[in-house]
Amino acid sequence: MGIIGKVDSLWRYPVKGMRGEELDEAFAGYSGIYGDRVFAFRSSANHNGFPYLTARDQRRLLQYRPRFRFPDKAARPVNLTEAESKNANPLSANLEELVVDVETPDGKTLGIDDSALIEMLRADIDQKHQITLMQSQRAMTDCRPVSIFSLQSAQQLAEETGLPVDKRRFRANVYVDLASANGFAENELVGRSVRIGSKVVVTILERDARCVIITLDPDTGEQAPTLLKKVARAHDGMAGVYGAVLVEGMLHKGDPVEVLD
């Protein structure tokens, strides 16, 4: 099939459930996008298999803007150039160098470990949610390391529902602009491998099962249930695909996407 499209945009989510940040370039490693979902909040009200506080519990979570305090440390592995020259795995920054500050919906900036932030997150939700902070050097993703979603799928859903569909509802790491005019063409990549840019190889493992999060406006948290109903009825509850990184490297906005097999 050769080149099937290009990277429209790259995203990571420093704090699981909070607003993402768009990047011009990102390192794709075996555990996912560097700096992606390295923080999360655990809720005592959720089950052990999925303990995280998300916008399902607190819609305003989407209005919190996390930013790395030391952006240069969070941009890519600290020894990437040396590691690549020696064909070795690169190293992540120390945990204390990957600390995050969060801009709240009312414009305040709080450290990720500030108790005042937890109290704000618990406001207006069931107080059974006792919240604690989690940190990891590996992305705390729901399923697979990397998520991919096409602009064409967002456009098709807009046509099917009659609603404006912001791609950000799908919280993907890599949004792709495919040559195919058809929505959901990324489904055809399941079981195949793609090269993104000059180096990174991702094998596409499965379609992405969707939940209520896609019904929430990424700016306001306002709900549009019609969107999830359409995905459930017309697309088996799936939208986008999950992948695993086979060859690590840097991704860039505009990179070509090429099918390898």
Side-chain angles (χ1 to χ4, degrees), residues 2-16 18-40 65-102 109 111-113 133-149 171-177 189 192-205 241-261:
I3 294 176
I4 60 168
K6 65 180 181 179
V7 174
D8 168 73
S9 58
L10 299 165
W11 292 74
R12 67 179 177 188
Y13 308 83
V15 181
K16 190 176 181 69
M18 291 187 178
R19 185 166 297 186
E21 59 176 359
E22 185 175 0
L23 305 170
D24 289 330
E25 60 178 19
F27 178 76
Y30 300 128
S31 61
I33 299 298
Y34 190 70
D36 187 42
R37 295 172 171 95
V38 292
F39 285 95
R65 297 174 179 267
R67 296 184 179 91
F68 285 101
R69 189 175 299 171
F70 308 109
D72 57 326
K73 299 291 186 181
R76 60 180 67 193
V78 293
N79 68 334
L80 180 58
T81 301
E82 181 182 8
E84 288 184 333
S85 70
K86 297 181 179 179
N87 198 29
N89 292 334
L91 300 174
S92 297
N94 296 327
L95 289 178
E96 60 269 19
E97 294 175 322
L98 292 178
V99 68
V100 164
D101 294 312
V102 178
T109 298
I112 189 68
D113 58 351
L133 180 65
M134 304 170 65
Q135 183 179 10
S136 172
Q137 285 183 325
R138 299 183 62 182
M140 290 179 275
T141 52
D142 289 353
C143 187
R144 307 301 182 189
V146 176
S147 54
I148 299 173
F149 189 78
R171 297 179 67 80
N173 296 121
V174 183
Y175 291 96
V176 292
D177 185 1
L189 300 176
R192 312 182 81 171
S193 294
V194 297
R195 179 162 48 230
I196 305 176
S198 62
K199 183 176 181 182
V200 176
V201 176
V202 178
T203 186
I204 308 302
L205 299 170
V241 292
Y242 278 127
V245 176
L246 298 183
V247 179
E248 297 182 314
M250 295 297 297
L251 301 174
H252 304 85
K253 185 175 181 178
D255 275 347
V257 179
E258 178 185 5
V259 176
L260 298 180
D261 52 28

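- Contact annotation: the side chain of His252 never approaches that of Val7 to less than 4.5 Å [non-hydrogen atoms, C-beta and beyond].
- At least one side-chain heavy atom of Asp261 sits under 4.5 Å from a side-chain heavy atom of Arg192.
- The CG atom of Leu189 lies 12.0 Å from the CG atom of Leu205; values are rounded to the nearest 0.5 Å.
- Residues forming a side-chain contact (heavy atoms from CB on, under 4.5 Å) with Thr141 (at least two apart in sequence, or on another chain): Asp36, Arg37, Ala139.
- Counting non-hydrogen atoms of other residues, nucleotides and ligands closer than 6.0 Å to CG of Asp72 gives a total above 12.
- For Asp142, the side-chain contact (heavy atoms from CB on, under 4.5 Å) criterion is met by Lys16, Phe50, Tyr242, not counting sequence neighbours.
- Under the 4.5 Å side-chain criterion, counting only non-hydrogen atoms from C-beta, Val38 is in contact with Phe68.
- The minimum heavy-atom distance linking Asn89 with Glu248 is given by the pair OD1-OE1, 3.9 Å.
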Check: residues 27-34 side-chain donor-acceptor pairs under 3.5 Å, at least two apart:
residue	atom	partner	partner atom	Å
Tyr34	OH	Lys73	O	3.3
Tyr34	OH	Ala93	N	3.0

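- The side-chain heavy atoms of Leu91 and Pro77, taken from C-beta on, include no pair separated by under 4.5 Å.
- Closest heavy-atom contact between Ser9 and Glu22: CB-OE2, 3.4 Å.
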inquiry  = Checking Arg69 against Asp101 for the salt bridge (Lys or Arg N to Asp or Glu O under 4.0 Å) test, could you report, in this order, the C-alpha distance in whole Å, the side-chain angles of both residues, the deciding distance, and whether it holds?
reply    = CA-CA 6 Å; Arg69 189 175 299 171; Asp101 294 312; 2.6 Å; yes

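- Interatomic distance, CG of Asp113 versus CD of Gln135, reported as 9.0 Å (0.5 Å rounding).
- Contact annotation: the side chain of Arg144 never approaches that of Val146 to less than 4.5 Å [non-hydrogen atoms, C-beta and beyond].
- Counting only distance, with no hydrogens or angles, the side chain of Tyr13 and the backbone of Ala172 share a donor-acceptor pair below 3.5 Å.
- A donor-acceptor pair is defined here as one N or O able to donate and one able to accept, closer than 3.5 Å; such a pair exists between the side chain of Ser147 and the backbone of Asn173.
- In this structure, Lys86 NZ and Thr81 OG1 are separated by 12.0 Å, a value rounded to the nearest 0.5 Å.
- Taking CZ from Arg195 and CD1 from Ile3, the interatomic distance works out to 9.0 Å, rounded to the nearest 0.5 Å.
- The CZ atom of Arg171 lies 14.0 Å from the CZ atom of Arg12; values are rounded to the nearest 0.5 Å.
- Note that the CG atom of Asp8 and the CG atom of Asp255 stand 12.0 Å from one another [nearest 0.5 Å].
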